[in-house]
Amino acid sequence: MSTPSGPDGVTLEDMTEADLPVVARLEASLFGAEAWSQDLLAAELAAASGGDRRYVVARGPLPVPGEREDARGAAGAGGRILGYAGMWVGDGAGDADLLTIATIPQARRRKVASRLLTELVGTARRAGCRAVLLEVRASNAAAQSLYAAHGFTRIGLRRRYYWAPQEDAVVMRALLRPAPAPVGS
């Protein structure tokens with residue numbers, strides 16, 4: 001699946017095996033000690049073929065002075081990977097879980113993460129999920145602001161959820177359909 005290019009030339013595409021080396025390098029540079037390994041990313045992508053999860057990449061032009069050609073990833077001249085995201089939707093009967101979302105620093109504040117999030121929330125909605133849950137570092141105000149702009153509200157805190165460095169996670173949820181009324185109402 002590929003979305004049409006926006007005015008900025010960015011497209012969203014389902015992640016493929018060819019994207020994994022670039023995504024793994026980005027994952028390591030963005031998440032450090034908590035990064036998913038290329039093997040874990042490959043296992044997740046393989047599991048996505050079962051239909052209970054989806055991984056997407058944002059690809060587009062973003063010239064970076066001195067950038068090596070291999071940073072463009074599998075798309076070559078079609079654009080480099082600017083970000084990626086993944087979501088588990090299960091069987092669609094419950095809540096979806098945003099597993100990961102990241103953009104390269106040069107793509108931030110350009111609505112790339114917003115497009116990735118919108119795409120995956122749409123995936124959860126089409127699957128029939130009632131809500132999307134996520135965890136975000138308590139110190140990551142920019143991400144929390146992005147999520148709030150997309151209808152996510154804070155519903156809890158997971159103490160010491162992150163370990164490198166150790167930090168609490170804010171749990172957020174966006175309702176996709178109204179909760180059922182209490183029995184007897």
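Any value given below was found using the heavy atoms of this structure, including those in side chains, with hydrogens, waters and symmetry copies removed.
- Arg108 contributes no side-chain N or O that, together with a main-chain N or O of Ala113, makes up a donor-acceptor pair within less than 3.5 Å.
- The two residues Leu116 and Ala102 come nearest to each other via the heavy atoms CD1-O, 4.1 Å.
- Across every non-hydrogen atom of Val112 and Ala58, the tightest pair is CG1-CB, 3.6 Å.
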With side-chain contact (heavy atoms from CB on, under 4.5 Å) as the test, would you mind laying out the steps for Glu135 and Asp97 before giving the verdict? CA-CA 9 Å; Glu135 294 89 12; Asp97 190 13; 4.3 Å; yes

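- Residues meeting the side-chain hydrogen bond (donor to acceptor under 3.5 Å, both in side chains) test with Ser139, sequence neighbours left out: Glu167.
- If you take CZ on Arg130 and CZ on Arg173, they are separated by 8.5 Å, rounding to the nearest 0.5 Å.
- Under the 3.5 Å distance criterion, the side-chain polar atoms of Asp95 are left unmatched by any main-chain donor or acceptor of Val132.
- Checked by atom type, the side-chain pair Tyr84/Glu27 shows a donor-acceptor distance below 3.5 Å.
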List the steps, then state whether side-chain contact (heavy atoms from CB on, under 4.5 Å) holds for Arg115 with Val10. CA-CA 9 Å; Arg115 288 184 61 192; Val10 175; 3.4 Å; yes

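- Once rounded to the nearest 0.5 Å, the distance linking OH of Tyr55 with CG of Leu120 reads 9.5 Å.
- In terms of heavy-atom proximity, Arg53 sits nearest to Ala47 at NE-CB, 3.6 Å.
- Put simply, Leu134 and Val171 are part of two different groups of oily side chains (I, L, V, M, F, W, Y) that touch within less than 4.5 Å, one to the next.
- A side-chain donor-acceptor contact under 3.5 Å links Arg126 to the backbone of Gly122.
- Across all non-hydrogen atoms, the minimal contact from Ala138 to Val170 is CA-CG2, 3.8 Å.
- Residue Leu146 is grouped with residue Leu12 when hydrophobic side chains (ILVMFWY) are merged at heavy-atom distances under 4.5 angstrom, including chains of intermediate members.
- Considering every non-hydrogen atom in both Arg177 and Gly128, the closest pair reads NH2-O, 2.9 Å.
- To the nearest 0.5 angstrom, Gln106 atom CD is 9.0 Å from Leu82 atom CG.
- For Gln38 (side chain) and Arg25 (main-chain N/O), no donor-acceptor pair under 3.5 Å exists by modelled atom type.
- Follow the hydrophobic side-chain contacts under 4.5 Å out from Tyr161 and you never reach Ile101; the two are in separate clusters.
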Passes side-chain contact (heavy atoms from CB on, under 4.5 Å), Leu20 versus Met15? Steps please. CA-CA 8 Å; Leu20 290 176; Met15 189 183 293; 4.1 Å; yes

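- Hydrophobic clustering (ILVMFWY, side-chain heavy atoms < 4.5 Å, transitive): Met87 and Ile155 are in distinct clusters.
- Taken to the nearest 0.5 Å, the CG atom of Asp39 stands 9.0 Å off from the CG atom of Leu41.
- Panel note: side chain Thr118, backbone Ser114; a donor-acceptor pair is recorded below 3.5 Å.
- When the side chains of ILVMFWY residues are joined at heavy-atom separations under 4.5 Å, either directly or via intervening members, Leu133 and Leu99 end up in two distinct hydrophobic clusters.
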Apply the test side-chain contact (heavy atoms from CB on, under 4.5 Å) to residues Arg80 and Ile104: give CA-CA distance (whole Å), side-chain angles for both, the deciding distance (0.1 Å), then the verdict. CA-CA 10 Å; Arg80 67 180 295 185; Ile104 63 171; 3.6 Å; yes

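- Summarising the local packing, CZ of Arg109 is surrounded by 12 or fewer heavy atoms from other residues, nucleotides or ligands at distances under 6.0 Å.
- Looking at heavy atoms from C-beta onward, Glu13 lies out of side-chain contact with Asp19 at the 4.5 angstrom threshold.
- For the atom pair OG1 of Thr16 and CG of Leu45, the computed distance is 7.0 Å after rounding to the nearest 0.5 Å.
- Note: Thr153 OG1 to Leu175 CG = 6.5 Å, rounded to the nearest 0.5 Å.
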Steps toward side chain to side chain donor-acceptor pair (under 3.5 Å) verdict (Glu34, Tyr162): CA-CA 8 Å; Glu34 292 188 331; Tyr162 296 103; over 6 Å; no

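- Looking at every heavy atom in both residues, Cys129 comes nearest to Val89 through SG-O, 3.5 Å.
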